[in-house]
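These notes concern the structure reproduced below.
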Amino acid sequence: MEPTRGISNLILKMATTKSKMQQFNGKGDFKIWRQWMRVILVQQKVAQVLQGEKNLPSTISEKEKTEMLETAYNTMILYLSDNVLRKCNKEISAASLWLKLDNLYMTKSLTDQIYLKVKLFGFKMQ
């Protein structure tokens, strides 16, 4: 298969999916964006990259691993707005980018929120 043909197919595949999903700008529903992103990565057969490079099957060649890592990372970058990218610009892999986004935008559970409010309101100045 010609390299340019594979890239063209990837871009076409991403363009058809992109029409259904918008870039995450930090203000929308991150959980929904996360689900959509996982679906896109599954369609591209690179979702297992989110578990980290060490967890990829040993039967995959180094070239295939590199392609999977690059595809997952670049796909995620395409669906992030500039202001979100600025917060994640030090992340160099899909797995680390995924974790960083989780840390920045996943809301805490209700239990955690209540605990934090109790701690805040119970705080006394000495």
Side-chain angles (χ1 to χ4, degrees):
M1 181 165 85
E2 299 173 27
T4 55
R5 184 177 201 133
I7 293 171
S8 298
N9 289 341
L10 176 63
I11 291 171
L12 178 62
K13 187 177 186 180
M14 290 168 63
T16 57
T17 307
K18 189 168 176 128
S19 65
K20 298 176 186 175
M21 182 177 160
Q22 296 180 356
Q23 288 184 330
F24 179 68
N25 62 7
K27 297 177 184 173
D29 188 347
F30 178 70
K31 288 182 180 181
I32 298 296
W33 179 88
R34 192 171 180 255
Q35 285 179 316
W36 274 103
M37 182 53 58
R38 186 173 286 283
V39 167
I40 291 168
L41 295 175
V42 167
Q43 285 177 343
Q44 294 178 351
K45 297 180 179 22
V46 295
Q48 55 191 322
V49 168
L50 297 177
Q51 304 303 320
E53 185 177 355
K54 294 176 184 175
N55 294 331
L56 291 175
S58 58
T59 57
I60 298 175
S61 71
E62 285 301 315
K63 182 179 178 183
E64 288 174 321
K65 282 183 185 180
T66 302
E67 287 177 6
M68 288 176 71
L69 293 167
E70 288 177 355
T71 300
Y73 180 76
N74 292 328
T75 300
M76 290 174 68
I77 293 294
L78 283 173
Y79 290 97
L80 295 174
S81 68
D82 292 343
N83 63 336
V84 174
L85 281 174
R86 282 187 196 94
K87 295 177 183 177
C88 303
N89 64 352
K90 293 182 182 176
E91 306 307 323
I92 57 171
S93 71
S96 65
L97 179 59
W98 192 258
L99 287 174
K100 178 73 172 186
L101 290 169
D102 274 356
N103 290 335
L104 288 173
Y105 298 107
M106 283 296 283
T107 57
K108 304 289 184 203
S109 70
L110 182 59
T111 307
D112 291 340
Q113 291 177 1
I114 291 171
Y115 173 76
L116 290 174
K117 284 183 182 180
V118 167
K119 291 281 280 187
L120 174 66
F121 295 129
F123 181 73
K124 296 180 183 177
M125 304 232 359
Q126 296 179 356

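Along the sequence shown, residues carry numbers from 1. As the structure is a computational prediction, the values presented were derived from the model and not from experiment.
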Taken in chain and number order and not counting sequence neighbours, the residues that satisfy side chain to side chain contact (heavy atoms under 4.5 Å, CB included) with Val39 are Gln43
Can you sort out the partners of Gln35 under side chain to side chain contact (heavy atoms under 4.5 Å, CB included), two or more places apart, ordered by chain and number?
Ile32
I'd like to know if [Y] and [X] are part of one continuous hydrophobic network [Ile/Leu/Val/Met/Phe/Trp/Tyr, side-chain heavy atoms within less than 4.5 Å].
| X | Y | answer |
| --- | --- | --- |
| Leu99 | Tyr73 | no |
| Val84 | Leu104 | yes |
| Leu101 | Met106 | yes |

Could you give the distance from [atom1] ([X]) to [atom2] ([Y]), rounded to the nearest 0.5 Å?
| X | Y | atom1 | atom2 | value |
| --- | --- | --- | --- | --- |
| Gln48 | Lys65 | CD | NZ | 10.0 Å |
| Leu78 | Leu85 | CG | CG | 9.5 Å |
| Met21 | Met37 | CE | CE | 4.0 Å |
| Gln23 | Leu80 | CD | CG | 7.5 Å |
| Leu50 | Leu41 | CG | CG | 5.5 Å |
| Asn103 | Ser96 | CG | OG | 11.0 Å |

Quick one, Ser93 and Leu69 - any side-chain contact, counting heavy atoms below 4.5 Å?
no
Are any non-hydrogen side-chain atoms of Ile77 and Leu97 less than 4.5 angstrom apart?
yes
Without placing hydrogens or testing angles, list every side-chain donor-acceptor pair under 3.5 Å for residues 51-61, not counting sequence neighbours.
| unit_1 | atom_1 | unit_2 | atom_2 | d |
| --- | --- | --- | --- | --- |
| Asn55 | ND2 | Gln51 | O | 2.7 |
| Ser61 | OG | Glu64 | N | 3.2 |
| Ser61 | OG | Glu64 | OE1 | 3.4 |

Partner set under ring-ring contact (aromatic ring centres under 6.0 Å, His included) for Phe24, not counting sequence neighbours
Phe30, Trp33, Tyr105
Write out all pairs satisfying salt bridge (Lys or Arg N to Asp or Glu O under 4.0 Å) with one or both partners inside residues 71-100, taking only residues at least two apart or from two chains.
none
Quick test of your reading: applying salt bridge (Lys or Arg N to Asp or Glu O under 4.0 Å), list the pairs with at least one residue in residues 30-43, sequence neighbours left out, ordered by first then second residue.
Arg34-Asp102
